[in-house]
Amino acid sequence: MRIKIRAFAGFREILGKEMIVEIGSGSKVADLINHLCEIKPELRGALFSDAGELRDYFMIMLNRRRLDLPEDLNADLSDNDEVAIFPPVAGG
Amino acid sequence: MRIKIRAFAGFREILGKEMIVEIGSGSKVADLINHLCEIKPELRGALFSDAGELRDYFMIMLNRRRLDLPEDLNADLSDNDEVAIFPPVAGG
Amino acid sequence: MISDGEIDLVEILGSSIKPDAGAVVAFVGVVRADPGVMGLEVEAYEEAALEELRRIKEEAIARFGVSSVDVVHRTGRLSLGEVIVVVVCGSSHRREAFQACEYVIDELKRRVPIWKKEQTEEGERWVRGDAC
Amino acid sequence: MISDGEIDLVEILGSSIKPDAGAVVAFVGVVRADPGVMGLEVEAYEEAALEELRRIKEEAIARFGVSSVDVVHRTGRLSLGEVIVVVVCGSSHRREAFQACEYVIDELKRRVPIWKKEQTEEGERWVRGDAC
């Protein structure tokens, strides 16, 4: 299935602004993240500590709804979902 | 001595916007008020209750400094003083 | 400032929008269409009002550390929907700009010798001030 | 609204200055000349930002009873002293207009997916957000 990835701020500099990735049907958010870390190895250091734990300095939105991490790493993905990755907001 | 009288809002409608009155040297604020009530009898009802007590719905400024009433009725006036009479402010 | 001409919002806001003030808060008072009211006439004891506005401005700067405070109040005849007063506070931080702006309009309404007369369908009436 | 063109203060303020809103409070955020900073680049997740702004606006109207809330946020390259965000709240009473305006800018900074990158003498750096 096809997932649209959007990335902002520092994550855009790693992943690019927007891309479509193909992953196996039945994939979860965690599978997508692993896939992205394989395509863009630089992403791993941005998302995980050296000990392999999820950092808390980023957010993920699935179809523009914010995920609660790490619980929602188990959320199911569907074809044509939009997943956005970005750091804490700093507008205004 | 000559005192400049300025009046605003409802008091302007009684006294006029601006006038010069002549009162005897050594006069106090209370003397000026009595004088004004003689020239403009309508003023008496605006400043005093039927029982002759000072109402609290007006202010007097002497040379742009607000007087504390009734104490400052005893304040001395000087030649060329400016006395302003007006109701509580309602700007903005 | 007291003005009997229309208030130029761009001019008064523009003078506060500067690289040293990250936050600008403006209060704009508008002649409100209260039931029966058709317009307003505003009268000021101009010399005393300007002195009091200057004092309030100095207080706001001292209390809240804002970098600028500008006030313009209209006098004369105003129609419904016209701007009667503008307060603009510039500050490096927004909290202080909000506090200063609210302080200035509150104190203006409490202390500055200005009066409003409403034109209504039944005639004219002075708006009663609160404090004496 | 998210806009990559200069914000028209007159237009956004003017649309709130109406006879039914006696009080209009505006917050104007300006690119501040912090030490070493030469300019800013602003990036937004536009669709999500617009949804979140709409929610914040609805919250402000429900909480404070204001009659209008308008927000415009700039994106793209901004110079020192340029307007980056404007929030305008119209209300029949001023207290609520101040509260709503402060609420909207606070929540915008906390929740709306927008990021700033500072151009400094030593290169570029992303401004760190507070909350996650």
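FYI, side chains are in, hydrogens and waters are out, and symmetry mates aren't considered; it's all heavy atoms of this structure. Order of the sequence lines fixes the chain letters, A, B, ..., with proteins taken first and strands second; residue numbering starts at 1 for each chain.
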No hydrogens needed, just list the donor-acceptor pairs between chain D and chain C under 3.5 Å.
residue	atom	partner	partner atom	Å
D:Pro19	O	C:Ala33	N	2.8
D:Gly22	O	C:Val30	N	2.8
D:Val24	N	C:Val28	O	2.8
D:Val24	O	C:Val28	N	2.7
D:Ala26	N	C:Ala26	O	2.8
D:Ala26	O	C:Ala26	N	2.8
D:Val28	N	C:Val24	O	2.7
D:Val28	O	C:Val24	N	2.8
D:Val30	N	C:Gly22	O	2.8
D:Arg32	NH1	C:Ser92	O	2.4
D:Ala33	N	C:Pro19	O	2.8
D:Ser92	O	C:Arg32	NH1	2.4
D:Arg94	NE	C:Asp106	OD1	3.0
D:Arg94	NH2	C:Asp106	OD1	2.7
D:Arg95	NH1	C:Glu102	OE2	2.5
D:Arg95	NH1	C:Asp106	OD2	3.3
D:Glu102	OE2	C:Arg95	NH1	2.5
D:Asp106	OD1	C:Arg94	NE	3.0
D:Asp106	OD1	C:Arg94	NH2	2.7
D:Asp106	OD2	C:Arg95	NH1	3.3

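Proximity to chain C (any heavy atom under 4.5 Å) is shown, for D:Val25, by both the backbone and the side chain. With a threshold of 4.5 angstrom between heavy atoms, C:Leu80 approaches chain D through its backbone and through its side chain. Contacts between D:Cys101 and chain C at a heavy-atom distance below 4.5 Å involve backbone atoms as well as side-chain atoms.
Contact check for D:Val86 versus D:Leu9: side-chain heavy atoms found under the 4.5 Å cut-off. Using a 4.5 Å heavy-atom cutoff, the side chains of C:Ile105 and D:Phe98 are in contact. In this structure the side chain of C:Ile2 reaches within 4.5 angstrom of the side chain of C:Leu53, judged on heavy atoms. Looking only at side-chain heavy atoms (C-beta outward), D:Val71 and D:Ile56 stay at 4.5 Å or farther from each other.
D:Val30 approaches D:Ile84 most closely through the heavy-atom pair N-CG2, 4.1 Å. Between C:Ile12 and C:Val88, the shortest heavy-atom contact is CG1-CG2, 3.9 Å. Residue C:Leu78 comes nearest to C:Val83 through the heavy atom pair CD2-O, 3.5 Å, listed as atom of the first residue, atom of the second, then distance. Residue D:Ala23 comes nearest to C:Phe27 through the heavy atom pair CB-CE1, 3.7 Å, listed as atom of the first residue, atom of the second, then distance.
Across C:Gly22, C:Gly81, C:Ala21, C:Gly14, the residue that shares the most heavy-atom pairs under 4.5 angstrom with chain D is C:Gly22.
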